[in-house]
Amino acid sequence: MPFPVDRLRRLRANEPLRRLVRETHLEPSQNILPLFVVPGEGVRKPISSMPGVCQTSIDETVRDCEEALSLEIGGVMLFGIPAHKDEQASGGYDEHGIVQEAIRAIKRATPDLMVVTDVCNCEYTSHGHCGKIVNGDVDNDATLDWLAASALSHAKAGADMVAPSDMMDGRVGRIRSTLDAAGYSNLPIMSYAAKFSSAYYGPFREAAESAPQFGDRRSYQMDPANGREALREMELDVAEGADILMVKPAGAYLDVIRAAAERFPHPIAAYQVSGEFSQIHAAARLGWLDLERTMLESLIAIRRAGARIVMTYFAKDVARLLG
Ligand code: PBG
Ligand code: ZN
């Protein structure tokens with residue numbers, strides 16, 4: 001009905017009405033908090049480009065996990081920074097590597113907390129690339145062995161879910177078959193299915209000490225211009241056994257999240273990455289944006305687009321705010 005019969009302002013008149021007709025909600029239990037684990041004890045080192053985010057040793061990480069559990073957030077996602085990096089990324093699939101030991105400690109202290117692990121090599125290679133370098137580029141098939149070994153070592157340590165973020169072709173299938181053969185057929189894989197080569201990862205590379213020492217990641221991560229190709233990536237990961245499909249980054253790729261949610265019945269996840277987090281903080285520090293409101297709006301947009309699970313550095317803040 002046209003105006004004046006229909007008046008859309010009618011349903012906006014007061015908060016009880018607005019709450020009643022609200023289409024999307026933030027649920028702290030569907031947010032996952034990324035954590036950066038470093039060697040040592042009692043370490044809590046702030047990351048200058050990510051206000052409030054720290055690199056923490058295992059003992060301090062366990063404290064963060066206890067808090068995460070009490071705030072009832074959806075889980076944590078672990079990234080490890082090893083004491084030594086090498087050409088073979090050996091710290092990534094070491095049974096007693098930093099992430100593997102962190103998983104054990106966390107599951108001992110907070111067995112009910114969902115522990116997801118990022119599976120990639122870039123934190124562990126001396127050159128900072130996500131795989132094995134052959135003739136100046138990342139070799140796809142050789143890298144699959146490292147990824148499968150990493151995922152299996154995380155499973156053995158007690159991880160609840162693995163999340164490969166490397167963008168090698170065929171890695172979901174290889175990880176699935178490796179896990180199955182070792183008796184972990186019930187361990188879910190959340191695939192970073194559509195991961196774009198993004199400037200928004202800048203602050204993360206400080207946090208994870210994983211900036212590539214030469215070149216960039218464009219020969220394996222996706223071109224930001226390609227939405228249709230993202231659907232092919234997701235189709236392949238589904239065929240290889242991915243349980244959850246992730247789009248990353250989130251805010252600048254809401255169209256991809258929406259397309260994924262319409263096309264696949266699988267749960268869709270999105271990663272609100274470091275740069276999305278940092279730019280909100282930076283603008284808030286300058287007094288140009290309101291931190292709380294911008295945080296909530298950025299996250300509601302990701303949910304509205306169709307993401308069920310959101311990786312976000314705001315996970316604790318949201319949980320505290322919405323209680
Ligand atoms: C590594 C990885 C990256 C992120 C998650 N896993 C960085 C990259 O690909 O360079 C980015 C997360 C963020 O920016 O918050 N494969
Ligand atoms: Zn990587």
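Read the numbers this way: they start at 1 and go in the same order the structure lists the ligands and their atoms. This is a predicted model, so every value here is computed, not measured. Positions are given from 1, in the same order as the sequence printed here.
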Quick one: look up the protein heavy atom nearest atom 14 (O) of ligand 1 and list residue, atom name and how far away it is.
S274 OG, 2.7 Å
Please list, one pair per line, the donor and acceptor atoms closer than 3.5 Å that link side chains of residues 187-195 to other protein atoms, with sequence neighbours excluded.
from : atom 1 : to   : atom 2 : distance (Å)
S191 : OG     : A193 : N      : 3.4
S191 : OG     : D237 : OD2    : 2.5
Y192 : OH     : D118 : OD2    : 2.6
K195 : NZ     : S165 : O      : 2.9

Would you mind listing which atoms of ligand 1 come within a distance below 4.0 Å of any non-hydrogen atom of F79?
5 (C), 6 (N)
Quick one: are the ring centres of F36 and F204 less than 6.0 Å apart?
yes
Given the side-chain rings of F214 and H129, with only the six-membered ring counted for Trp, is the space between their centroids under 6.0 Å?
yes
Which protein non-hydrogen atom lies closest to atom 5 (C) of ligand 1, naming both residue and atom, and how far is it?
K248 NZ, 2.4 Å
Give me the residue, atom name and distance of the protein heavy atom closest to atom 12 (C) of ligand 1.
F204 CD1, 3.2 Å
Could you tell me if any non-hydrogen atom of M311 lies under 4.0 Å from any atom of ligand 1?
no
Hey, is E15 close enough to R18 for a salt bridge, meaning N to O under 4.0 Å?
yes
Is R263 close to E235 at the side-chain level, that is, under 4.5 Å between some pair of heavy atoms?
yes
If you measure from the Lys or Arg side-chain nitrogens to the Asp or Glu carboxylate oxygens, is any gap between E27 and R303 under 4.0 Å?
yes
Option with minimal heavy-atom separation from atom 2 (C) of ligand 1, where the choices are M50, Q221, K195:
K195
Measure across V138 and G131 and return the closest heavy-atom pair with its distance rounded to 0.1 Å.
CG1-CA, 3.7 Å
Quick check: R217 and ligand 1, any N/O pair under 3.5 Å apart?
yes
Which atoms of the protein, restricted to N, O or S, are nearer than 2.8 Å to the Zn ion (ligand 2)?
C120 SG, C122 SG, C130 SG
Could you check whether any heavy atom of M167 sits closer than 4.0 Å to an atom of ligand 1, since that is the contact criterion I want to use?
no
Give the residue, atom name and distance (to 0.1 Å) of the protein heavy atom nearest atom 1 (C) of ligand 1.
C122 SG, 3.2 Å
Assess Y271 for proximity to ligand 1: is some non-hydrogen atom of it under 4.0 Å away?
yes
Listing request: all side chain to side chain donor-acceptor pair (under 3.5 Å) pairs with a residue in residues 276-298, at least two apart in sequence or in separate chains.
Q272-S298
Quick one about S210 and E123 (side-chain donor to acceptor, distance below 3.5 Å, no hydrogens or angles considered), yes or no?
no
Can you find a side-chain donor-acceptor pair between S90 and D86 that sits under 3.5 Å?
yes
Does ligand 1 have any atom sitting under 4.0 Å from a heavy atom of D118?
yes
All N/O donor-acceptor pairs, side-chain side in residues 316-323, below 3.5 Å, sequence neighbours left out:
from : atom 1 : to  : atom 2 : distance (Å)
K316 : NZ     : D64 : O      : 3.3
K316 : NZ     : E67 : OE1    : 2.9
R320 : NH2    : E67 : OE2    : 2.8

Going by atom types alone, do E206 and S48 pair a side-chain donor with an acceptor below 3.5 Å?
yes
Any idea which atoms of ligand 1 are less than 4.0 Å away from a heavy-atom of C120?
16 (N)
